Amino acid sequence: MTKRLTPLAALAALLALSAGCAEAESPKPSLPLESPTASTVFSPQSSNEPLPADEVFVPDAHIEHGALLFRIQVLPGYYLYKDKISVRSLSEAVDLEDQEFIEEWSRSEVVVDEWFGEQEVFFDEAHGSAEIRSLIQNIPSINIELSYQGCKEEGICYMPQAKVLSVDVPAQLESAADKTE
């Protein structure tokens, strides 16, 4: 017949064992108080604290074939809500329409979110496009606002982010604008 320890006796035995192990461990080196790099972000020594949103979600954009193409890169362990991503022109000379996601480049997945319920999210990166409907004047660049919101898996959700990006207008698009004036 096997004898079982009472819960109190088991807890006392466990505490005694762990106290002996703690004395044998060597102290862990502390990390410097600097911005994390790729080696520290992904190392087992990095803390479980969430990184600043600017380091987790990295947006960029460019114009190609008369469309604005945008991308938001996402660090592993984080994700973006698909329905919280939007883009708009801040330049009066440009109208953007028909925003859509480029599924061949980034696939969304459905997850059950603690706060928002069932949601489509992007884990690695989100790619999208918006059609340039009109370019009123010959301009070398346009300003856009790319808005998004995301979370850390097993952690916090970030406040909505809105980043202003300056996007160069290709020469062929500038010359097409000259013909419409």
Side-chain angles (χ1 to χ4, degrees), residues 33-42 49-111 113 115-153 155-181:
L33 295 175
E34 299 174 358
S35 295
T37 62
S39 61
T40 59
V41 170
F42 302 113
E49 291 295 314
L51 296 171
D54 288 341
E55 293 180 29
V56 174
F57 310 113
V58 181
D60 63 63
H62 69 278
I63 296 173
E64 189 175 300
H65 304 295
L68 173 75
L69 300 178
F70 61 88
R71 172 181 65 171
I72 306 169
Q73 296 176 342
V74 182
L75 282 181
Y78 297 82
Y79 60 88
L80 285 171
Y81 294 108
K82 183 175 183 176
D83 70 345
K84 305 286 188 214
I85 299 172
S86 66
V87 63
R88 69 183 184 103
S89 172
L90 298 178
S91 300
E92 291 181 16
V94 177
D95 287 327
L96 299 176
E97 293 183 3
D98 302 329
Q99 174 186 317
E100 62 184 15
F101 293 97
I102 304 170
E103 294 292 330
E104 299 85 49
W105 296 344
S106 57
R107 299 217 184 275
S108 61
E109 295 179 33
V110 176
V111 298
D113 184 273
W115 305 108
F116 298 117
E118 199 170 273
Q119 294 286 313
E120 280 188 84
V121 299
F122 293 105
F123 282 99
D124 298 318
E125 59 187 1
H127 289 264
S129 67
E131 189 175 327
I132 297 176
R133 287 285 181 185
S134 63
L135 184 62
I136 301 170
Q137 59 191 14
N138 186 3
I139 54 174
S141 65
I142 62 171
N143 288 327
I144 63 163
E145 182 181 78
L146 190 52
S147 301
Y148 48 90
Q149 184 177 12
C151 297
K152 181 180 196 290
E153 287 182 75
I156 60 112
C157 286
Y158 292 87
M159 296 296 295
Q161 305 292 306
K163 298 296 174 196
V164 175
L165 304 174
S166 179
V167 182
D168 292 335
V169 176
Q172 72 268 18
L173 203 55
E174 289 179 36
S175 61
D178 290 339
K179 293 175 187 171
T180 60
E181 289 182 18

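Quick caveat, the model's predicted, so the values are computed rather than measured. The figures that follow rest on heavy atoms only: side chains count, while hydrogens, waters and symmetry mates do not. For reference, positions follow the sequence shown, starting with 1.
A side-chain contact (heavy atoms from CB on, under 4.5 Å) with V94 is found for one member of I139, V167, I144 and no other, namely I139.
We find the CG-CG distance between L68 and L96 to be 5.5 Å, quoted to the nearest 0.5 Å. Atom CG in L146 sits 11.5 Å away from atom CZ in R88 (nearest 0.5 Å). Remark: Q73 CD to H127 NE2 distance equals 7.5 Å, nearest 0.5 Å. Between the SG atom of C151 and the CD atom of Q149 there is a distance of 6.5 Å, given to the nearest 0.5 Å. Separation of atoms CD1 (I132) and CD1 (I63) is listed at 4.0 Å; rounding is to 0.5 Å.
Listed for the S108 side chain is no donor-acceptor partner under 3.5 Å among the backbone atoms of E120.
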key: Derivation of the side chain to side chain contact (heavy atoms under 4.5 Å, CB included) call for F70 and Q99   = CA-CA 10 Å; F70 61 88; Q99 174 186 317; 4.2 Å; yes

Full working for side chain to side chain contact (heavy atoms under 4.5 Å, CB included) between D124 and V74 = CA-CA 5 Å; D124 298 318; V74 182; 5.9 Å; no

task = Apply salt bridge (Lys or Arg N to Asp or Glu O under 4.0 Å) to R71 and E64, showing your working.
result = CA-CA 13 Å; R71 172 181 65 171; E64 189 175 300; over 6 Å; no

request  = Start with the C-alpha distance between E109 and R107, add both sets of side-chain angles, then the distance that settles salt bridge (Lys or Arg N to Asp or Glu O under 4.0 Å), and finish with yes or no.
outcome  = CA-CA 7 Å; E109 295 179 33; R107 299 217 184 275; over 6 Å; no

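Applying the 6.0 Å contact sphere to CD of E118 captures no more than 12 heavy atoms from other residues, nucleotides or ligands. Within 6.0 Å of atom CD in E92, 12 or fewer heavy atoms from other residues, nucleotides or ligands are found, so the atom counts as exposed in its surroundings.
Of all heavy-atom pairs between I85 and A126, the closest is CD1-CB, 3.9 Å. The two residues D98 and R133 come nearest to each other via the heavy atoms OD2-NH2, 2.5 Å. Contact record, S91 with I142: OG-CA, 3.4 Å, taken as the closest heavy-atom pair. Nearest heavy atoms, V169 versus S141: CG2-CA, 3.8 Å. Here the closest non-hydrogen pair linking L75 and E55 is CD1-O, 3.4 Å. Annotation for L69 and I102: closest pair CD2-CD1, 4.0 Å, computed over non-hydrogen atoms.
Ring geometry, F101 versus F122: the interplanar angle falls from 30° to 60°, so the pair is classed tilted. Ring geometry, Y78 versus Y158: the interplanar angle falls from 30° to 60°, so the pair is classed tilted.
You'll find the side chain of F123 reaches within 4.5 Å of the side chain of E153, heavy atoms only.
Annotation: cation-pi geometry satisfied between K84 and F116 (NZ/CZ under 6.0 angstrom from ring centroid, within 45° of ring axis).
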